[in-house]
Amino acid sequence: MTHQVPAVQPEPDMVQLLTPEGQRVEHPDYPLDITDEQIAALYRDLVLVRRIDAEAIALQRQGELGLWASLLGQEAAQVGAGRALKKHDMAFPTYREHGVAWCRGVDPLSLLGLFRGTNLGGFNPHDHNFNMYTIVIGAQTLHATGYAMGVVRDGAVGTGDPDRDTAVLAFFGDGASSQGDVNESFVFAAAGNLPVVFFCQNNQWAISEPVTTQSRVPLYKRASGFGFPGLRIDGNDVLASLAVTRKALDDARNAQGPMLIEAFTYRMNPHTTNDDTRRYRLDSEDETWKLKDPIARVKAYLAREAKIGAEFFTDLEQESKVLAEHIRAGCRALANPSPESAFEHTYVDMPDELREQRDEFAEFVTSIEEEVSA
Amino acid sequence: MTHQVPAVQPEPDMVQLLTPEGQRVEHPDYPLDITDEQIAALYRDLVLVRRIDAEAIALQRQGELGLWASLLGQEAAQVGAGRALKKHDMAFPTYREHGVAWCRGVDPLSLLGLFRGTNLGGFNPHDHNFNMYTIVIGAQTLHATGYAMGVVRDGAVGTGDPDRDTAVLAFFGDGASSQGDVNESFVFAAAGNLPVVFFCQNNQWAISEPVTTQSRVPLYKRASGFGFPGLRIDGNDVLASLAVTRKALDDARNAQGPMLIEAFTYRMNPHTTNDDTRRYRLDSEDETWKLKDPIARVKAYLAREAKIGAEFFTDLEQESKVLAEHIRAGCRALANPSPESAFEHTYVDMPDELREQRDEFAEFVTSIEEEVSA
Amino acid sequence: MSEHPGERPLTMAKALNEGLRKAMEDDPKVLIMGEDVGKLGGVFRVTDGLQKDFGEDRVIDTPLAESGIIGTAVGLAIRGYRPVCEIQFDGFVFPGFDQIVSQVAKMYNRSAGLVKMPITIRIPFGGGIGAVEHHSESPEAYFAHTAGLKVVACSNPSDAYWMIQQSIASDDPIVFFEPKRRYHAAKSAVEAEAYPLHQARVVRPGSDLTVLAYGPMVAMALESAAAAAEDGRELEVIDLRSISPLDMPTVIESVQRTGRLIVVHEAPRSFGVGAEIAARVQEQAFYSLEAPVLRVSGFDTVYPPSRLENEWLPNIDRILDAVDQSLGY
Amino acid sequence: MSEHPGERPLTMAKALNEGLRKAMEDDPKVLIMGEDVGKLGGVFRVTDGLQKDFGEDRVIDTPLAESGIIGTAVGLAIRGYRPVCEIQFDGFVFPGFDQIVSQVAKMYNRSAGLVKMPITIRIPFGGGIGAVEHHSESPEAYFAHTAGLKVVACSNPSDAYWMIQQSIASDDPIVFFEPKRRYHAAKSAVEAEAYPLHQARVVRPGSDLTVLAYGPMVAMALESAAAAAEDGRELEVIDLRSISPLDMPTVIESVQRTGRLIVVHEAPRSFGVGAEIAARVQEQAFYSLEAPVLRVSGFDTVYPPSRLENEWLPNIDRILDAVDQSLGY
Ligand SMILES: Cc1ncc(C[n+]2csc(CCOP(=O)(O)OP(=O)(O)O)c2C)c(N)n1
Ligand SMILES: Cc1ncc(C[n+]2csc(CCOP(=O)(O)OP(=O)(O)O)c2C)c(N)n1
Ligand SMILES: [Mg+2]
Ligand SMILES: [Mg+2]
């Protein structure tokens, strides 16, 4: 076969405000006014989020969870984006945004039911303006877009009132960029000039498929074809993620319409605890990315530049341990739902026929129990 | 509601080689070496294609067709693209590409069965390398892309052998640009660097929805975000359509990958014979576009510049009449299929259970006939 | 404010239009969205005039993308709206199928009852209008098999008027099938009160055999019953109205009286709605049945070219033939 | 060249792998396409090693888009290829539903028999593996209700090996369901010859009652029959194998002998495969039935969180309970 697929284009510039070595750099379009204390707070988020992830992986190994989708390596992208949100903004995650959930104030235990198999999500998106996890790739980008249509209809955009104007943040992956739904969400968002920011974590992989299977040009470029701006950031730089997402959300609230942010990052772990990276990627790739670790650079910055005392770090270690214990104990305490609960919540108004199925089932369960105990 | 949707961007440059007044203009990237005889041949196509359309509309009014989707105003886009194809290239139309069908050598009668209700397409795409009409908006762009995957696998691209190298041309409308399928076809085509040219006839309307409902930026721009070139042409200029499509197909055959052509044109008639434009657009819009008629400009050119004798025009009129008669007589002669034929061709290998349904049905039909004649 | 339409006889299209108008007036969170629902009023004019009166924010001409229509409706519902999505024709619901089956139907469950999806998906369905491919299908069984959805079909103007309002008011998502060939058929007046949404209705009492139909086939069943009456056979006709959930008590009560049941629908026979009804009736009224439940339906083929649809679709002759068969047991 | 695997006991995943390999060797037009089917060999390793041996042009890691996978397969088929599309999990077939229902199923008919669609759509289906949402569903009824498609389900390694090859060789499009919880269950040897693809098989003869199952529920039915035998009840177990078309002669013959039938499937009960079988059996064997056809199935709810799946899914207790019920008539 003579047909040649041209090489992928070289990496474009990306917004970076903190180098892998922990040096602050300035960006003309994205100045970030931030104190060392605030950077330390982000560092705390990063560390705790990584701890949540590590505990969940351990719990999966111990059989307490059926599965876990690790965010290792993507903490900066998520914490930056998560901290850029205002309280009344709304976020629509995939199944990997544990870091965003943390920033929204969602108890990590709320995320575990899904992976433990005790529920399918089960929390109220309105409690923290953080939607439940969505597993069907890309579907949530349309939900985010529709929510933004609602925001516009509520008159909650472009009023100039900071407590009223609302933006929506939609997460998706590099693989998801190929789905019809994601592209349709771009169509609807652009046509309606909606207050939704699309945040693509390009972690280089969709399970075993490298991003080049999806696209041979950088993903952030996709936006321009739909008529809104796109931009690549260093996804391992929490400051870049914070600054750029904050600006994009501000613009959205100010009726400037949608934007696409591509956070260039790396999935340092397998896709999920079920996956085996040895079949499709080289260790050397992992090694390269370890040098760009999103947490190490903040630590280096704080150690060198900031006057954050040692106490902060010991406190954080302590806090991390408490959090870990909360997760471990809490996870084990997540009880199995009762069999009858399978019949609840398929409908608000349960049809009689389903009620009969439930009653028959309950009767049957009782009869079996009686048989067993007899 | 304070939210404002920004105005649509102004029209970008578009490739034009023949002005509405019938003046040839040069374009640096798209030189077109064409004789007056060849332009006259295109004129013949345009005139005959418009005649096919007019006859079909008349047949619909007379009750011979259930419906017709008129191409009035889009003849130049279609004839230019149709004539740019090589015999062994493959075209995937929507339901409106009567002009392309004509250029492929498809008997117009083959198109009528669908609209008459005597079949659902019913011709062999391989006879003229022209696929059957596709009604589900956008679906055919993926078929074209898959066909191009097959072309690549057959080693029929980039060999330098003009009889071997093959391109695929996928048609769709401005409305279709919003469908997930169309955008997924862009993903697959770009990722595989496939020999497929996407030809979007932006006729300004999707039934009652103006193109601004779909996009506030020109549609040709969509391509760049996926990593391949896009270009707008004057869709009412048959020379621009020919030159640009020819070049794009050449590039595709030479393994240069996909391209998107947006033919800026106008649906001068209602969406179909069922539609009523008075509910949603102004007569004045129609009037503006009449000045850009795709046929008038070629006629003006031929009349002024070319030494095409009067005989050509009288011959063409005669040919048009013969064609019209062929369509009228042929359409009326398109017989109703036999009721039993409804059971054919759902499966290659008809299941017994369907065979039983067919036999029961046949028995039933006979019994009714006997009853009636008794 | 729109009033109950009173004694005025309405077409089904107009009754739906007035029902939608009433729902929009009653609740500012009700939105209409779809292709061509605005200025055009939809290809069947069901939303005629609504955009003019309620504005472009409440009657939304969407981009041409069904997954987008349903997916954004999900987001609107999360934000507190009650979207009414129009799918232009039956055959075009499938690009939106994933959002319907995996999101609309499941969100309430996923959230353990915390997020409701009060979405109505209107689908003009069925054949008999001489249309081209994809414009005459009856996809109701796909939705009825999907837990989390409810599915209804109206058959006359009064039901259309009331059922669309009840569906919009429902906190469960409802796929609302409208028999397109009846849109502009007989006019009739709207009843003074709504009948329960998920209840079937005996529309002609009879003692010899029960005929069950919904949507476009109710009129056909009634005509068949009238023809059968001339031969002295009294058919009971039930308009199912709700396909999911099924109102089995009404059906079983009838079958216990008549001992015989024929289900009529346009959709292909196999794995269709008739199968479920047959399965339940033989489960629940095993000893009452004097003949097997029979199905008169579309055949297990692709919907044929329109010149064949009258033969392919259930018609009076085929229903009466099945009546003969059933009574022959 | 891959040979018939002979006496070697294989898992179902391996049997499928060898069947695919054989099909690719036999016909250079056979392609495999899907998400992660290449280097990874699919998330269940069913395509393990095939890309290495047949190259990236024949084992294609596609972009992550199911409509794109099916839609490009249609184009490949028009160009003369025989694509085998892998859908990663049951719940992810829906974004491709439109292309399956409106294109794959209809193209042969649309072309009046001139364009064939020899496409195989492989779907790992069913529950019992402790997975998260969308990974345990049984969507077979949607496809069985779609004219133009054929639908099969394998239940053991030998059938897996043969049926995948027969499906790929079929000129009709086939939706091929693989019971994922059996992929790595018991190993067994591949039979010397293929059994007809669309024929059901009596896998345990019996005289008291017929149990009909397919895919993952065949093993459950056999276990139930073994348990019932201890109580002196002889259940006949039929592995349906083909869901559309249904092999009714085999089913009817059995029911005429036993007088009783239970259908078992994981999918929700209403409007499922069991309904069609019940409807046909009461039509075709009305006087043979000594009890109504009963269904043991998933309930009409969203698939529950995995900690509940063992209760929710049909199990031996529920099957035996239905046996009691049926014999009690
Ligand atoms: C519609 C659909 N198809 C397939 C899958 C199976 N699947 C789960 S995750 C995944 C890869 C997603 O990759 P990406 O979008 O890059 O997100 P990441 O996992 O890297 O965060 C796939 C194919 C799915 N969940 N949904
Ligand atoms: C999936 C789908 N949704 C809706 C329709 C109904 N429909 C037929 S044509 C049309 C408008 C298409 O507009 P465009 O793509 O611009 O093509 P044009 O008709 O202008 O040539 C619509 C909505 C359809 N055929 N398919
Ligand atoms: Mg990824
Ligand atoms: Mg158009």
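Values below: every heavy atom of this structure, side chains too, minus hydrogens, waters and symmetry copies. Below, chains carry the letters A, B, ... as their sequence lines are ordered, and counting in each starts from 1.
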Requested in this report: May I ask you to decide if D:Pro292's main-chain N or O and C:Glu283's side chain share a donor-acceptor pair within less than 3.5 Å?
Outcome: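 Checking the backbone N and O of D:Pro292 against the side chain of C:Glu283, no donor-acceptor pair under 3.5 Å is found.
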Query raised in the report: Is a donor on one side and an acceptor on the other found under 3.5 Å between the side chain of D:His145 and the backbone of C:Ser270?
Result: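 The answer is yes, because a donor-acceptor pair under 3.5 Å joins these two groups.
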Query - Part of C:Glu133 within contact of chain D (heavy atom distance under 4.5 Å) - result: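 Contact with chain D is through the side chain of C:Glu133 alone.
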Requested in this report: Select one option (side chain, backbone, both, neither) describing which atoms of C:Glu290 are under 4.5 Å from chain D's heavy atoms.
Outcome: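 Contact with chain D is through the backbone of C:Glu290 alone.
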Under 4.5 Å from any heavy atom of chain C, what part of [X] do you find: side chain, backbone, both or neither?
X	answer
D:Tyr287	side chain
D:Thr146	both
D:Val101	side chain
D:Tyr142	both

I need the residue from [options] with the largest number of non-hydrogen atom pairs under 4.5 Å to chain C.
options	answer
D:Ser67, D:Gly96, D:Pro139, D:Ala291	D:Ala291
D:Arg110, D:Glu66, D:Gln284	D:Arg110
D:Ala105, D:Ala275, D:Pro305, D:Gly274	D:Ala275
D:Gly91, D:Ser244, D:Ser102, D:Gly148	D:Ser102
D:Val293, D:Ile243, D:Val93, D:Val273	D:Val293
D:Leu289, D:Asp300, D:Val281, D:Leu246	D:Leu289

Query raised in the report: Salt bridge or not for C:Glu137 and D:Lys106, using N-O below 4.0 Å?
Result: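 D:Lys106 and C:Glu137: salt-bridged.
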Query raised in the report: Are D:Glu276 and C:Arg269 ion-paired here, with the side-chain N under 4.0 Å from a carboxylate O?
Result: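 Judged by the 4.0 Å cut-off on N to carboxylate O distance, D:Glu276 and C:Arg269 do not form a salt bridge.
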I'd like to know which of [options] tops the heavy-atom pair count under 4.5 Å against chain D.
options	answer
C:Asn109, C:Ile277, C:Thr301, C:Ile100	C:Asn109
C:Pro304, C:Ala267, C:Ala144	C:Ala144
C:Ala278, C:Pro95, C:Pro268, C:Ala141	C:Pro95

**Report entry** Intermediate values then yes/no, ring pair (Phe, Tyr, Trp, His ring centres under 6.0 Å), C:Phe271 and D:Phe271
**Finding:** CA-CA 7 Å; C:Phe271 305 89; D:Phe271 306 89; over 10 Å; no
Report task. Measure the NE2-CG distance between C:His134 and D:Asp98 for me, rounded to the nearest 0.5 Å. Result ->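 Going from the NE2 atom of C:His134 to the CG atom of D:Asp98 covers 8.5 Å.
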Query raised in the report: So C:Phe94 and D:Phe97, would you call those rings parallel, tilted or perpendicular, with 30° and 60° as cut-offs?
Result: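 Plane angle between 30° and 60°, so tilted.
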